[in-house]
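For reference, the structure is listed below as structure tokens.
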Amino acid sequence: MIAPIVVGVDGSPQSTAAVDWAADDAARRGAPLKIVHVREPWSHRYPFHGVEGYDQSLSEHCEGVINAAAQRARERVPGLAVTAELASGTVVEKMKAESRKATAMVVGSRGMGGFAGLVLGSVGLGLAGHAACPVVIVRGPGKDVRGPDEEAGREIVVGFDGSEHSEAAMRYAFEEAELRGVPVRVVHAWQVPAFTPFGVGYTRALEEVFDQSADTARRRIAPWRDKHPGVQVEQSFICGHPIAVLSEFSRRADLLVVGSRGLGAFGSAVLGSVGHGVLHRAHCAVAVVGGGEEER
């Protein structure tokens, strides 16, 4: 049996968009959808618990959130197998536990507790690179989710640097592209090393290093074409900072896929600087792949 797509909800517009994204993805994959709403421990503590009727009102609110999400998913994809769970605990820890038995996890970029100026909330940041499955961060209504009558999806953009985690990102990107019937754009961004002296000789040397890096990437990308002959593949080799380059390509993408760590990340870092950066700057939904998957 295919493991479910798990989506976390809290009643915010971003989590509603996440439900739409997750329902569509579950339908494409032939997977069930599991909706999870977590009631955190603070809601039982002083001073709120002493207010008459507070517990009942909170319980009714939580049940309303999860029932509305389940109804929306069923209406969006008739016949989709949908289950819903109202849980207690810390949101990030509960969702990390759910990720161990999920195909993918989907959350909104910001929840009810987020500040209006923040692009990414604490839950998304806490899960990306830590969950035991790919984590998709959905930005919000009208940004990442197309209705049934809207134009076909655009391309899937994936960042590739040859690292183990970028290989995992490639796998997920090609799966999504195959399911959606859209092209994959593989982006290899090579950044000029810091404190590099410039001059005619150095410039030529840097060009040679970039060309070698691009050639290596081409060879590493080729097997993915063979594995997925039905997927159109576009390749972009850019000299520039990966965060800026990927964020720019995300403007015309339906999904940006990145590994949780790249070749330049510290070994102890769970979410690398590129993953962290694009989560804040991307213009579409972002899937972070790798990190906690090896803990399955």
Side-chain angles (χ1 to χ4, degrees), residues 3-19 21-22 25 33-45 48 58-59 61-63 65-66 69 83-140 144 165 168-169 172 256-261 265-266 268-282 285-296:
I5 303 295
V6 176
V7 57
V9 299
D10 65 0
S12 66
Q14 286 80 9
S15 81
T16 299
V19 170
W21 199 101
D25 200 52
L33 177 67
K34 182 175 183 179
I35 299 170
V36 178
H37 176 65
V38 182
R39 179 174 174 173
E40 295 201 277
W42 64 261
S43 62
H44 301 283
R45 297 173 183 168
F48 304 106
L58 181 60
S59 296
H61 168 75
C62 293
E63 290 171 2
V65 166
I66 202 161
T83 58
E85 179 182 343
L86 178 56
S88 295
T90 303
V91 176
V92 171
E93 292 305 315
K94 175 61 180 175
M95 297 303 285
K96 282 168 63 177
E98 289 289 337
S99 75
R100 298 188 185 102
K101 46 194 175 183
T103 295
M105 176 160 289
V106 186
V107 295
S109 59
R110 257 198 339 266
M112 295 295 287
F115 293 97
L118 294 180
V119 177
L120 181 66
S122 59
V123 173
L125 192 57
L127 290 173
H130 297 261
C133 67
V135 175
V136 180
I137 313 293
V138 179
R139 294 180 63 233
D144 302 322
H165 290 279
Y172 184 81
L256 171 61
V257 186
V258 294
S260 62
R261 289 200 304 272
F266 292 101
S268 61
V270 178
L271 182 61
S273 60
V274 173
H276 189 280
V278 298
L279 283 174
H280 287 278
R281 294 181 57 179
V286 178
V288 179
V289 185
E293 280 94 329
E294 65 267 18
E295 298 175 4
R296 278 178 180 270

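The chain is numbered in sequence order, starting from 1.
One finds the CG atom of Asp10 at 11.5 Å from the CD1 atom of Ile66 (value rounded to the nearest 0.5 Å). The NZ atom of Lys101 sits 12.0 Å away from atom SG of Cys133, with the distance rounded to the nearest 0.5 Å. Interatomic distance, CG of Leu127 versus NZ of Lys96, reported as 8.0 Å (0.5 Å rounding). Distance CH2/Trp21 to CD1/Ile5: 7.5 Å, rounded to 0.5 Å. In this structure, His130 NE2 and Met105 CE are separated by 13.5 Å, a value rounded to the nearest 0.5 Å. Put simply, CD on Gln14 and CD1 on Ile137 are 12.0 Å apart, with the number rounded to the nearest 0.5 Å.
Judged purely by atom type and a 3.5 angstrom limit, Ser109 uses its side chain to pair as donor or acceptor with the backbone of Arg139. The backbone N or O of Gly290 sits less than 3.5 Å from a side-chain atom of Ser260, completing a donor-acceptor pair. Judged by distance alone, the side chain of His37 and the main-chain N or O of Val9 form a donor-acceptor pair under 3.5 Å. Not one N or O on the side chain of Thr90 forms a donor-acceptor pair closer than 3.5 Å with the backbone of Glu93. Checked by atom type and distance alone, the side chain of Ser15 never pairs as donor or acceptor with a backbone atom of Gly108 at under 3.5 Å.
In terms of heavy-atom proximity, Thr103 sits nearest to Ala3 at OG1-O, 2.6 Å. For the residue pair Val6 and Ala102, the shortest heavy atom distance occurs at CG2-CB, 3.6 Å. When all heavy atoms of Ala285 and Val138 are compared, the pair lying nearest together is CB-CA, 4.4 Å. When all heavy atoms are compared, the tightest approach of Val19 to Ala69 is CG1-O, 3.7 Å. In this structure, Ala168 and Val289 approach most closely via the heavy-atom pair O-CG1, 3.6 Å. Val106 approaches Ala18 most closely through the heavy-atom pair CG1-O, 3.7 Å.
Here the side chains of Val7 and Leu33 are in contact, with some heavy-atom distance below 4.5 Å.
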**OP:** Verify side chain to side chain contact (heavy atoms under 4.5 Å, CB included) between Val286 and Val258, making sure each step is shown before the conclusion.
**Re:** CA-CA 8 Å; Val286 178; Val258 294; 4.3 Å; yes

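Scored by the salt bridge (Lys or Arg N to Asp or Glu O under 4.0 Å) test, Glu85 finds Lys34, Lys94 as partners (sequence neighbours excluded).
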